[in-house]
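See structure below.
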2 protein chains.
Amino acid sequence: MNKQTSLTDIARVANVSVATVSYALNNRPEVSEKTRQRIKEIANQMNYHPNKAAQGLRTHQSRLIGMLINTFNSMFNGELVDDIRETLDHYGYSLVVIGNSNADLIDSQLFDALIIFNYTTTKSNLTALIERTKIPIVLMANELDFANVDNIVIDNQSAITNLLKQYEKSQHQNICFFRGSRNSYNSAKRFASCRAYFEKYHPEYDVAAHTFNGHLESAPTYPIAKKLLSEKKYNFFFCLNDMMAYGVYRAASELHLKVGVDFSITGFDNAPKSGEIYLPKLTTADSQLNTWSQEVAKSLVSRLEHPETPAQKTILVPTKIVQGASILYK
Amino acid sequence: MNKQTSLTDIARVANVSVATVSYALNNRPEVSEKTRQRIKEIANQMNYHPNKAAQGLRTHQSRLIGMLINTFNSMFNGELVDDIRETLDHYGYSLVVIGNSNADLIDSQLFDALIIFNYTTTKSNLTALIERTKIPIVLMANELDFANVDNIVIDNQSAITNLLKQYEKSQHQNICFFRGSRNSYNSAKRFASCRAYFEKYHPEYDVAAHTFNGHLESAPTYPIAKKLLSEKKYNFFFCLNDMMAYGVYRAASELHLKVGVDFSITGFDNAPKSGEIYLPKLTTADSQLNTWSQEVAKSLVSRLEHPETPAQKTILVPTKIVQGASILYK
DNA sequence: CTGTTAGCGCTTTCAA
DNA sequence: TTGAAAGCGCTAACAG
């Protein structure tokens, strides 16, 4: 491993001072155009690349944005991450993704800002992390009230309301709900919205009594759905995410029941490739990825460049109902 | 953003020199046990965390391992990444994942070693990157011959041979192949193995003439499969990955043809959750994730800790055939 | 327009 | 057992 070329090396070769080299390469006005060109040339030839550690140490900023995720398995939506990465890139920041268990990296002052993508975690875990971290943070699946935190989250409530409008329109009466763990922000929000809706419009219907925990996955949902479907107790399956809806689809297929004919079902998320997998197409709520990623990136960048701007607290990302053929309108 | 506590801060409070603090916190023998305890106590109270940039600048190592991936969408196998992360963690290294487009980070001497997970890229791109990087590198889906590079890849050839044994056993005759782009290392390797096999055992069968490009995805495979299935020209669909097999499943379902009854099909990868999605279960080749991640992590760590050890060049990760019910044995 | 120099936070040699 | 000091590569204030 022979050493990388440093500013000093270039200065020596170019017969100028390190300051001049630094000025030249950073496109600063202090240096003449001629010198700049000459130095850039030399730097290129010597295959120079600035040392990020040194830059960071000196300037107290790395232009690195850390994204924290639960597990790499949980990265259900790479497209969203790609979008954020691209936007940040455009503003001169690099996105690096790390697992929850490497959260100590955050304490080592490696990142200028943080995106927390975890959607399953306890509030106290998160709080502890945030309290000792002073850099700008965006939470994408949580709502916490700290001076340095923006919450940019799906507008679960309006989505649920719109989904439930479909339910009303379909004139079903026997609805059941599939939710996930209480530690999932989205699942909790969505469920709360369901309860609030029924509280208001159908107070006689005890939502909790007709709710099952599918753990946000298809596998645990499947056996429950199979039992419920064969009992014919419910004819509307309201799933708080698409994966659980898939578990119901599978149960139905094995029981030779037709989705959208023998019973109705909705999902949430509009999971990528769902169009290919759900037959017939699932009616679900799509979180507008583009809007979401833009908001996240812009929020971080603006707070990085204008530290005086206060955090905007909570921003709700709109959703759109994607009409499938999974509901039977009587 | 009030400043983080530094070694100097601690030294001042503890009334010792920075050197002593550094010794104490790094568990070095130069300092008395009593002082160490006292300093650790203080560091804790002051919520001290070492500055990685400074450490890196001084020691010329970051204990950061970079993983390069195409796009975050392409992260088909988070489990593998999680496994690698965990093993590296155990050895005191942190894994950080970055997108292809941020490859410049690599030049900034941020990482001690590199894992390149891209499975679709041109060789020249990769070569350029590797040639200017002197740190240890592991390629997980490519084979390149450089002093600092280990290739730790799926044993595609033996897997294909085993899969084709199933074909022989099934006594089918009309086989067609679905492959991906030539830029995909795995697809290319697998296809070459198919050709070599037929060259040897069925030289009369023109593999190339019965091969279709499904781009490794189900969507583009689906219409081709639908056409082929309705023409009834082939009764064995040999897919070079599971996603394409899914496209065939879907086409079959729409044509009311039964997988494993009306025709046979195999995949490759044993994609996670495939058990839930493929009905009936797909016969496919499983790359042993555990072995793979262990090999990757260990290779890097050993070369990091014992730089004199030469790279092992190519290591083939064994696969195992997973028997589904997607083949009709006549 | 260019150079000198201090210093970011840390590790490590050398001296005490 | 502890401290003083140099220096990693870079930026930026200041002097010329």
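Values in this document were obtained by computation on a predicted structure and should not be read as measured data. In what follows, chains carry the letters A, B, and so on, assigned in the order in which the sequence lines appear, proteins first and then strands, with residues in each chain numbered from 1.
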Take atom CG of A:Leu57 and atom C1' of C:dG7, then tell me their distance rounded to the nearest Å. 9 Å
D:dC8 OP1/OP2 closer than 4.0 Å to side-chain N/O of B:Thr59: no
Show me the pairs that pass salt bridge (Lys or Arg N to Asp or Glu O under 4.0 Å) and involve residues 6-29 of chain A, at least two apart or across chains. A:Lys3-A:Asp9, A:Asp9-A:Arg12, A:Arg28-A:Glu30
To the nearest Å, give me how far apart CD (B:Glu30) and P (C:dT12) are. 9 Å
A:Ser184 side chain to A:Ser181 side chain, donor-acceptor N/O pair below 3.5 angstrom: no
For A:Gln109 and C:dC8, what is the distance between atoms CD and P respectively, to the nearest whole Å? 14 Å
Residues touching DNA chain D, which here means a heavy atom under 4.0 Å, drawn from residues 10-25 of chain A: A:Ala19, A:Ser22, A:Tyr23
side-chain hydrogen bond (donor to acceptor under 3.5 Å, both in side chains) with A:Gln55: which residues, sequence neighbours excluded? none
Does C:dC8 have OP1 or OP2 under 4.0 Å away from a side-chain N or O of B:Ser6? no
Can you pull out the residues from residues 38-51 of chain B that lie within a 4.0 Å heavy-atom distance of DNA chain D? none
To the nearest Å, give me how far apart CG (A:Asp9) and P (D:dG9) are. 8 Å
State whether a side-chain donor-acceptor pair under 3.5 Å links B:Arg85 with A:Asn102. yes
I'd like to know if the side chain of A:Asn151 and the backbone of A:Leu144 have a donor-acceptor N/O pair within less than 3.5 Å. yes
Considering every strand and a 4.0 Å limit on heavy-atom distances, what is the contact class for A:Arg36: base, sugar-phosphate, or nothing? nothing
Residue pairs meeting salt bridge (Lys or Arg N to Asp or Glu O under 4.0 Å), one or both in residues 36-51 of chain A, sequence neighbours left out, come to A:Glu33-A:Arg36
Using whole Å, what does the distance between atom C1' of nucleotide D:dA5 and atom CG of B:Leu7 come to? 15 Å
Look at all strands and tell whether B:Gln55 reaches a base, only sugar-phosphate, or nothing, counting heavy atoms closer than 4.0 Å. sugar-phosphate
Nearest to the side chain of B:Ser32 - D:dG9, C:dT12, D:dT2? D:dT2
Looking at A:Thr5 and A:Met46, would you say the former's side chain and the latter's main chain have a donor-acceptor pair under 3.5 Å? yes
With sequence neighbours excluded, tell me which residues meet side-chain hydrogen bond (donor to acceptor under 3.5 Å, both in side chains) with B:Glu86. none
